[in-house]
Peer 1: 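For reference, the structure I am asking about is given below.
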Protein chains: 2
Amino acid sequence: MTATLVPVFAALGDETRWSILAALGEGDASASALAGRLPVTRQAIAKHLAVLQEVGLVEPVRVGREVRYRVIGSQLSATAHRLDAIGAEWDRRLAAIKQIAEGL
Amino acid sequence: MTATLVPVFAALGDETRWSILAALGEGDASASALAGRLPVTRQAIAKHLAVLQEVGLVEPVRVGREVRYRVIGSQLSATAHRLDAIGAEWDRRLAAIKQIAEGL
DNA sequence: GTTTGCTGCAACCCGATAGTTGCAGATCTA
DNA sequence: TAGATCTGCAACTATCGGGTTGCAGCAAAC
């Protein structure tokens with residue numbers, strides 16, 4: 001269902017990919033259309049879109065002869081919640097360790 | 001204050017780094033100590049710790065002649081919340097676009 | 001004061017990946 | 001049918017990053 005967490009972060013760890021996501025945020029667009037707005041080649045964008053699709057952050061939609069891509073915001077939210085849970089767990093555990101260390 | 005978002009994700013996009021974070025979750029440890037538990041060299045771990053420190057996910061603590069590292073869970077939570085906000089914003093905007101597209 | 005153990009720096013290797021150009025195939029339009 | 005566009009595949013380059021080994025420096029222990 002949801003992709004494993006780490007590859008999602010790897011996908012999000014690239015500026016160009018965020019530019020693409022930002023551009024897609026203003027409406028679905030094809031790789032060619034995005035190439036007009038961003039300072040990289042269509043093929044480079046196509047590769048990035050493949051990566052984003054792989055981890056479920058984006059989804060292709062055929063419209064005639066072109067392939068538009070749409071951002072899946074819920075995947076972003078899901079990832080955020082999993083990360084938040086981990087962060088909270090860490091704080092909890094570290095607090096426990098700290099108490100032990102303080103001799104309580 | 002909080003590091004820019006993208007480098008944090010880049011830091012979280014590596015399995016070994018998660019192993020290190022997980023190991024640190026059971027208590028602060030030095031690079032040498034971690035090298036005993038993980039299947040990589042001390043220097044490799046040192047590099048990873050430098051990356052993690054750079055983005056504020058981890059914090060060094062001198063203890064005598066060794067340098068222990070501690071996870072900063074709150075940074076993880078902060079990142080999660082920023083990501084969640086972005087995801088929600090995206091969903092909101094895309095819903096609006098969808099309504100427009102449906103002629104409403 | 002010598003030995004032990006931990007840190008830090010530098011050079012190096014290699015695989016992954018961001019980016020490019022070029023071309024072939026498919027599809028809409030005139 | 002011909003021409004214009006958009007996609008997809010392949011080859012190639014170059015940089016980055018994860019990992020290694022080796023060595024020098026320094027703090028603790030004995």
Side-chain angles (χ1 to χ4, degrees), chain A residues 3-24 26-71 79, chain B residues 3-24 26-72 79 101:
Chain A
T4 46
L5 207 52
V6 179
V8 178
F9 288 130
L12 291 176
D14 183 273
E15 300 276 2
T16 304
R17 249 152 3 221
W18 276 98
S19 306
I20 292 176
L21 289 174
L24 287 181
E26 308 185 358
D28 303 354
S30 67
S32 298
L34 290 171
R37 265 186 275 177
L38 300 177
V40 282
T41 317
R42 173 184 65 87
Q43 287 81 349
I45 292 177
K47 285 188 187 177
H48 285 303
L49 286 171
V51 172
L52 291 171
Q53 181 182 347
E54 186 83 10
V55 299
L57 283 172
V58 115
E59 164 182 76
V61 182
R62 271 218 99 93
V63 178
R65 73 177 151 181
E66 62 183 325
V67 180
R68 304 225 178 107
Y69 285 83
R70 143 178 320 141
V71 174
T79 302
Chain B
T4 46
L5 208 51
V6 178
V8 178
F9 289 130
L12 291 176
D14 183 272
E15 300 277 2
T16 304
R17 239 131 38 198
W18 277 98
S19 306
I20 292 175
L21 288 175
L24 287 182
E26 308 183 359
D28 303 355
S30 67
S32 298
L34 290 171
R37 268 186 272 178
L38 299 178
V40 283
T41 317
R42 172 184 67 87
Q43 286 81 348
I45 291 178
K47 284 187 187 178
H48 286 303
L49 286 171
V51 173
L52 291 170
Q53 181 181 349
E54 186 82 11
V55 299
L57 283 171
V58 115
E59 166 182 72
V61 182
R62 272 218 98 95
V63 177
R65 73 176 153 181
E66 64 184 323
V67 180
R68 303 226 177 107
Y69 285 84
R70 141 178 320 143
V71 174
I72 305 178
T79 302

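Only a predicted model underlies this, so the values are computations on that prediction, with no experimental measurement involved. Below, read A as the first sequence line, B as the second, and so on, with proteins coming before strands; counting in each chain starts at 1.
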Peer 1: Are any non-hydrogen side-chain atoms of Pro60(A) and Val67(A) less than 4.5 angstrom apart?
Peer 2: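 Side chain of Pro60(A) against side chain of Val67(A), heavy atoms only: contact under 4.5 Å found.
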Peer 1: Under the salt bridge (Lys or Arg N to Asp or Glu O under 4.0 Å) rule, collect the residues that match up with Arg68(B), sequence neighbours excluded.
Peer 2: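 Arg68(B): salt bridge (Lys or Arg N to Asp or Glu O under 4.0 Å) contacts with Glu66(B).
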Peer 1: Give me, pair by pair, the N or O atoms of the protein and of nucleotides 23-30 of chain D that are less than 3.5 Å apart, along with how far apart they are.
Peer 2:
none

Peer 1: Which donor-acceptor pairs under 3.5 Å do the side chains of residues 8-19 of chain A make with protein atoms, sequence neighbours left out?
Peer 2:
{"residue": "Asp14(A)", "atom": "OD1", "partner": "Thr16(A)", "partner atom": "N", "Å": "3.0"}
{"residue": "Asp14(A)", "atom": "OD1", "partner": "Arg17(A)", "partner atom": "N", "Å": "3.0"}
{"residue": "Arg17(A)", "atom": "NE", "partner": "Ala11(A)", "partner atom": "O", "Å": "2.8"}
{"residue": "Arg17(A)", "atom": "NH1", "partner": "His48(A)", "partner atom": "ND1", "Å": "3.1"}
{"residue": "Arg17(A)", "atom": "NH2", "partner": "Ala10(A)", "partner atom": "O", "Å": "3.4"}
{"residue": "Trp18(A)", "atom": "NE1", "partner": "Leu12(A)", "partner atom": "O", "Å": "2.6"}
{"residue": "Ser19(A)", "atom": "OG", "partner": "Glu15(A)", "partner atom": "O", "Å": "3.2"}

Peer 1: Check step by step if side chain to side chain contact (heavy atoms under 4.5 Å, CB included) holds for Thr79(A) and Leu5(A).
Peer 2: CA-CA 7 Å; Thr79(A) 302; Leu5(A) 207 52; 3.9 Å; yes
Peer 1: I need the minimum non-hydrogen distance between Pro7(A) and Thr4(A), along with the two atoms involved.
Peer 2: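 Closest heavy-atom pair between Pro7(A) and Thr4(A): CD-O, 3.2 Å.
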Peer 1: Flag the pair Leu38(B) / Ile45(B) as yes when at least one side-chain heavy-atom distance between them is below 4.5 Å, and no otherwise.
Peer 2: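 A side-chain contact under 4.5 Å exists here.
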Peer 1: Using a cut-off of strictly less than 4.0 Å, decide whether Ser30(A) has a side-chain nitrogen or oxygen near OP1 or OP2 of dC6(D).
Peer 2: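 So the side chain of Ser30(A) is outside the cut-off, no N or O lying under 4.0 Å from OP1 or OP2 of dC6(D).
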Peer 1: Roughly how far, to the nearest 0.5 Å, is the CD atom of Glu59(A) from the CG atom of Asp28(A)?
Peer 2: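 Answer for the CG-CD pair, Asp28(A) versus Glu59(A), is 9.0 Å.
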Peer 1: One pair to check against side chain to side chain contact (heavy atoms under 4.5 Å, CB included): Leu34(B) and Ile20(B). What are the steps and the verdict?
Peer 2: CA-CA 7 Å; Leu34(B) 290 171; Ile20(B) 292 175; 4.0 Å; yes
Peer 1: Walk along DNA chain C from 5' to 3' and tell me the first and last nucleotide with an atom closer than 4.0 Å to a non-hydrogen atom of chain B.
Peer 2: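 The footprint of chain B covers dT4(C) to dC9(C).
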Peer 1: Just wondering, do Leu24(B) and Leu49(B) contact through their side chains at under 4.5 Å, heavy atoms?
Peer 2: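 In short, these two side chains touch, coming nearer than 4.5 Å.
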Peer 1: I need the full list of side chain to side chain donor-acceptor pair (under 3.5 Å) pairs touching residues 31-41 of chain B, with sequence neighbours left out, sorted by first then second residue.
Peer 2: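 Those involving residues 31-41 of chain B do not exist here.
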Peer 1: Looking at residues at least two apart in the chain, or sitting in another chain, which of them share a side chain to side chain contact (heavy atoms under 4.5 Å, CB included) with Ala46(B)?
Peer 2: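 Residues passing side chain to side chain contact (heavy atoms under 4.5 Å, CB included) with Ala46(B): none at all.
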Peer 1: In whole Å, I'd like the distance from the CZ atom of Arg68(A) to the C1' atom of dT5(D).
Peer 2: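 From Arg68(A) CZ to dT5(D) C1': 14 Å.
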Peer 1: With sequence neighbours excluded, what pairs up with Arg65(A) under the side chain to side chain contact (heavy atoms under 4.5 Å, CB included) test?
Peer 2: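 Checked Arg65(A) against side chain to side chain contact (heavy atoms under 4.5 Å, CB included); zero matches.
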Peer 1: Bend across the helix from dG1(C)-dC30(D) to dA30(C)-dT1(D), to 10°, with axes taken over 5 pairs at each end?
Peer 2: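 Overall, the helix from dG1(C)-dC30(D) to dA30(C)-dT1(D) bends by 30° from one end axis to the other.
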Peer 1: For DNA chain C, find the residues of residues 9-22 of chain A with a heavy-atom distance under 4.0 Å and give them by number; none if there aren't any.
Peer 2: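 Residues of residues 9-22 of chain A under 4.0 Å from DNA chain C: Asp14(A), Thr16(A), Arg17(A).
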Peer 1: Whole Å only: how far is the CD atom of Glu66(A) from the P atom of dA4(D)?
Peer 2: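 In whole Å, dA4(D) P lies 19 Å from Glu66(A) CD.
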